[in-house]
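See structure below.
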There are 2 protein chains.
Amino acid sequence: MGIGARGGHNACVTAIETTAPGLPAEGTRARVERAALDLFTLRGFEQVTTDEVADAAGISRRTFFRYFATKADAVWGDFAAHVARLEELLAATDPAQPVLASVCAAYVEVNDYAVAELPLLRERMLLILTEPALLAHSQLRFAEVDRVVARYVAGRSGAAATDLVPRLVAATTRAAATTAFEAWLADQRSALGTHLRQAFAELTAGFPGLLR
Amino acid sequence: MGIGARGGHNACVTAIETTAPGLPAEGTRARVERAALDLFTLRGFEQVTTDEVADAAGISRRTFFRYFATKADAVWGDFAAHVARLEELLAATDPAQPVLASVCAAYVEVNDYAVAELPLLRERMLLILTEPALLAHSQLRFAEVDRVVARYVAGRSGAAATDLVPRLVAATTRAAATTAFEAWLADQRSALGTHLRQAFAELTAGFPGLLR
DNA sequence: GAGGCTAATGACACCGGGTGCCACCGGGCA
DNA sequence: TGCCCGGTGGCACCCGGTGTCATTAGCCTC
C-alpha cells in the first residue's frame, strides 16, 4: 500500500463470500452490519476504520457509504422501522386510557423483543450508550422518536406539537426509556420490560420516593 | 492556494488585531468564540470551516484546535464552570427541602442569567439545539451535568449514583430543562425562568394535564 | 547584557470520515 | 446483438483533527 493511498479493500483475507458487481447483492447490508458490530464491540468504535469494516464485509469503502450514510448508522439496524412501529402503536391506542399511560405502554410494547433478538439488541445498545461518538449520534436518531411522540400527545391533548407539554412528554419519556436501557445493560439477565415499567412508574408518579 | 494545500490563514482580510507568537494572548479565546458564533449563526455550522473561523479570529487553524478540542466546543463558552456552579448550588441546598425540588431549584438558579448575557445565551442555545451536529455533540456535554445531578440525588436518597432513580431524575430533569430552553427560544421576549419552572412543575406533578 | 528556558504560535504532513465523479461490470430487455 | 440500468470500485478531493518541528518573544539567571 503506497504512501498517501487508501488501499482498495485489497485481498480481504477474512472475506465471507464476496459479491459480484452487477448482482442484486442479497444480504449485503446485513453482512456489513454484522461485521461492523463485531469489530466495534471487539476493538471500540473509534479504533476501527470504515476501511476495515468494508474489508471484513467484502466490499469497498465507497460501497459502505452507499449502504450507510455515516459510520455510526451501521449499528442502528432498521431503526426507521422501529420508529414507524411506535407510531402505529400510538395510533392504535385506546382513547379511554390517559395520554401519558398510552405513551408509556407503547414504549414498553415497541421494546418487547423476542428472546432471540435480545443479544443483538444488547450489543447495539451497549455500543450506542457506551461509545461517546455513538452516544452523540443517538441524539439525532432519538429526535425522530421525540417528534412522533410529541405529535401524538399534541393530537390527543388538543395542543400544537411545538407546545411545551407535548415536547416535554416526548423528551422525558424518552429520557426515562434510555435510562431503563442503561439499567438493563448494567445488570445482566434482567428483563428490559421491568426496567422500562419501573422507570415510567417513577416518572408518571413524580418520583414519589424522593419526597424527603 | 495550490491544489491539495490548505492555505495557512493567509492575509486575513477581516482580521481584528492579530496577536504575536510569544505573547500571553489576552482574550484570544474570547475573540475566537465571537468569530465562531458570528460565522456559525450567519452561515450555519457545517457551512463554515475551521479555517475560516481561525482566519476571522486572526490565528491559524492549528492554534484554533489548541483552544478548542473540537469545532463544536467553540460555541459552549466556559461550560465546565457552569457545571461546577450547578454542583455548588446542589451542595448548598437546604436538606429540609425535597430532593427533586432541590434539583429543579438549582437548575432554575444556575440558569438565572443577567439580562446582558441573554443575547449571547440565546445565540449559543439556538445553534446548539438547531444544528444537528451541535445537537449531537450536546449529548456529551449534558452527560457531565447528568453525572453531577445523579451523584447529588444518590447522596441525598441513600442510593448509588448508578441506580435507576438517581439516573432517572438526572435524565428527566435535564430533558425538561432542554425542552424549556427550546420553548424559550421559540417565543421571543419570554423569560427563560418561567419556562423552566413550568416544565419542572409539569414533570414533578406527573403531567396532571394529561389525565385524559 | 548574553544566553538559556518557556509558552504560544504557525507550517506541514498525515489520518480518517465523507462525497462527487467516472469507469466498469453484469443482467434484463428490445 | 446492442442498449439500458443498477450495484460497484477507484480516485481525487474536502474537511475535522493530531503529531512534530521550527520560530518567536518574553522572562529569568548569571
Side-chain angles (χ1 to χ4, degrees), chain A residues 1-12 15 17-29 31-32 36 39-40 43-55 57-75 131-134 136-137 140, chain B residues 1-12 15 17-29 31-32 36 39-40 43-55 57-75 131-134 136-137 140:
Chain A
M1 194 183 302
I3 43 168
R6 198 81 82 125
H9 99 98
N10 39 0
C12 39
E17 54 169 317
T18 312
T19 49
L23 228 70
E26 305 266 6
T28 294
R29 187 187 167 94
R31 205 176 62 245
V32 180
L39 287 173
F40 294 163
R43 292 166 36 206
F45 181 75
E46 313 243 29
Q47 277 60 51
V48 178
T49 68
T50 55
D51 254 323
E52 293 175 301
V53 174
D55 226 55
I59 58 171
S60 74
R61 201 174 88 95
R62 191 64 187 87
T63 299
F64 173 90
F65 283 110
R66 288 203 181 91
Y67 282 94
F68 305 98
T70 71
K71 183 185 176 187
D73 282 311
V75 314
E131 294 279 353
L134 289 174
H137 177 85
L140 304 178
Chain B
M1 193 182 305
I3 44 170
R6 199 81 81 124
H9 101 98
N10 40 359
C12 41
E17 52 169 319
T18 311
T19 50
L23 229 69
E26 306 265 8
T28 293
R29 186 185 168 96
R31 206 176 61 245
V32 179
L39 288 172
F40 294 162
R43 292 166 36 205
F45 181 75
E46 313 243 27
Q47 278 61 52
V48 178
T49 68
T50 54
D51 253 324
E52 292 174 302
V53 174
D55 227 55
I59 59 171
S60 74
R61 201 174 88 94
R62 190 65 186 84
T63 299
F64 173 90
F65 283 109
R66 289 204 182 91
Y67 282 94
F68 305 98
T70 71
K71 184 185 176 187
D73 282 312
V75 315
E131 294 279 352
L134 289 174
H137 177 84
L140 304 179

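Chain letters run A, B, ... following the sequence lines, proteins first and then strands; every chain starts at 1. Computation of the quantities below employed the complete heavy-atom set of this structure, encompassing side-chain atoms and omitting hydrogens, waters and symmetry-equivalent molecules. The structure displayed is predicted, hence computed values, not measured ones.
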Rounding to 0.5 Å, atoms CG (A:L134) and OG1 (A:T70) come to a distance of 8.5 Å

Distance col, row B:D55:CG vs B:F64:CZ, nearest 0.5 angstrom, shows 12.5 Å

For the base of [N], is there a side-chain donor-acceptor partner from [X] under 3.5 Å away?
X	N	answer
A:R62	C:dG18	no
A:R66	D:dG9	yes
B:R61	C:dG10	no

For atom [atom1] of [X] and atom [atom2] of [N], their distance in whole Å:
X	N	atom1	atom2	value
A:Q47	C:dC15	CD	P	17 Å
A:F65	D:dG9	CZ	P	14 Å
A:D55	D:dG10	CG	P	10 Å
A:D51	C:dG18	CG	P	13 Å
B:K71	C:dG18	NZ	P	14 Å
B:F68	D:dT18	CZ	C1'	18 Å
B:F40	D:dC15	CZ	P	13 Å
B:E46	C:dG17	CD	P	17 Å

- Message: Within the structure provided, determine whether B:R31 and B:Y67 are in side-chain contact (heavy-atom separation under 4.5 Å).
- Response: no

Original post:
Does the side chain of A:T49 reach to within under 4.5 Å of the side chain of A:R61, using non-hydrogen atoms?
Top reply: no

Check every strand shown and say whether B:V53 touches a base, only sugar-phosphate, or nothing at a heavy-atom separation below 4.0 Å.
nothing

Note: A:A36 and A:A74 closest approach over all heavy atoms is CB-CB, 3.9 Å

A:Y67 has its side chain closest, among D:dG9, D:dG7, C:dT19, to D:dG7

DNA chain C nearest-nucleotide lookup for A:T49 and B:T63: closer to the 5′ end is B:T63

Counting just side-chain N and O atoms, does A:S60 come under 4.0 Å of either OP1 or OP2 of D:dG10? no

